[in-house]
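Each ligand, and each atom within it, is numbered from 1 in the order the structure gives.
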Amino acid sequence: MELIIDNLSKTYSNGIKALQNISLNIPKGMFGLLGPNGAGKSTLMRTIAALQEADTGTITLGDIDVLKQKNELRQVLGYLPQQFGLYPKISAEVLLNHFAVLKGITNKSERNELVKALLYKTNLYDVRKQNLKGYSGGMKQRFGIAQALLNNPKLLIVDEPTAGLDPLERNRFYNVLSELGEHTVVILSTHIVDDVKELCTNMAIINQGKVCLKGQPLEILESLKDKVYKKTIEKEELKIYKENYKVISEKLFLGKPTIHILSDKNPGGGFSLTNAELEDVYFSKIFSNTNSNSN
Ligand code: ADP
């Protein structure tokens, strides 16, 4: 089972080209779709979930034509949108049970077993009797995953799930997601590089509606081998370095910026070679993409 997106384009009525000839083959496992805000990730996710139309292009999941066979798709789809409402005054257990009824699981003992298993899987079993009103952001997201898994989906889409979660909650969420990938096509859309770094075996970077890189994170990192140099500088120097080098990332270390630059050969001047990180790949792609478009 593979999700194949071929030449997908979408221009909104205001003229914004949200998707421009997107082609991606997404195998089973965790796929990271990484891109800055406004890149077109949600438009792509909603189109794959058959919630909105594309102008041109096709999407297939196994033998399902996603854009035409919407009902068939929905039977095998789990979708956790960027924002979703929950009834605040009922418990997770009751609401999940209710959703299971809506999904057509009518046999009560089968349903109880399923609800229990999903609450365990998402690490919510101990808080299953609590009203959702009292849930933290991370608990709500994990509940979202539990409901998205009710129909044992073949395709699971999670759109920006970790935005706004603190590091502990993000980790708990990673643990839940990492269990799912083996038998399911899981697409994780995110602007957070760590999400992809921790979880994904395949990835693509999109920017301004276009795929600017796709592949396996490890192979992609290899492509920047011996090309990333680092140096710790003074804050006031940042501007001048940005003018003279391809600065692809900057991080504060003990109050001082440490910059990473992209260079085919040793730039001298106190720079030292460093291992490329996924952040470097991401920023170098976004950087060159944005620059080439503004030229
Ligand atoms: P992302 O999820 O990566 O932040 P989106 O898919 O939400 O990106 O948006 C891509 C672009 O399309 C943005 O420029 C956004 O402003 C625009 N856009 C999104 N939805 C609509 C819409 N319904 N009508 C018009 N423009 C939209």
So does Lys230 pair up with Glu250, basic N to acidic O under 4.0 Å? no

For Ala18, atoms of ligand 1 separated by under 4.0 Å from a heavy atom: 12 (O)

Of Thr11, Leu19, Thr43, which has the heavy atom at the shortest distance from atom 6 (O) of ligand 1? Thr43

Could you list the atoms of ligand 1 found under 4.0 angstrom from a heavy atom of Ser42? 1 (P), 2 (O), 6 (O), 7 (O)

Atoms of ligand 1 less than 4.0 Å from Ala39 heavy atoms? 1 (P), 3 (O), 8 (O)

Do any heavy atoms of Ser189 fall under 4.0 Å from ligand 1? no

Identify, for atom 4 (O) of ligand 1, the protein heavy atom at the shortest distance, and state residue, atom and that distance. Gly38 N, 2.7 Å

Kindly write out the residues that satisfy salt bridge (charged side-chain N to carboxylate O under 4.0 Å, His left out) with Lys256, not counting sequence neighbours, or none if the list is empty. Glu234

Can you find an N or O of Lys41 that's nearer than 3.5 Å to an N or O of ligand 1? yes

Is atom 25 (C) of ligand 1 less than 4.0 angstrom from some protein heavy atom? yes

Other residues, nucleotides and ligands only: do more than 12 of their heavy atoms fall within 6.0 Å of NZ on Lys108? no

Has Gly35 got any heavy atom lying under 4.0 angstrom from an atom of ligand 1? no

Mind checking salt bridge (charged side-chain N to carboxylate O under 4.0 Å, His left out) for Lys235 and listing every partner two or more places apart, or none if nothing turns up? none

Within a reach of under 6.0 Å around CG of Asn275, are more than 12 heavy atoms found that belong to other residues, nucleotides or ligands? no

Exercise: identify the closest heavy-atom pair between Asn207 and Cys212: CB-SG, 4.1 Å

Is it true that the NZ or CZ of Arg170 lies under 6.0 Å from the centre of Phe173's six-membered ring and within 45 degrees of the ring axis? no

Check each atom of ligand 1 against the heavy atoms of Ile16 and keep those under 4.0 Å away; list them by number with element. 11 (C), 12 (O), 14 (O), 17 (C)

Test of understanding: given a 4.0 Å heavy-atom threshold, classify the contact between Pro36 and ligand 1 as side chain, backbone, both, or neither. backbone

Under 4.0 Å from a heavy atom of Asn37: which atoms of ligand 1 are those, numbered in the order shown and with their elements? 4 (O)

Side chains of Thr258 and Leu252: closer than 4.5 Å at any heavy-atom pair? no

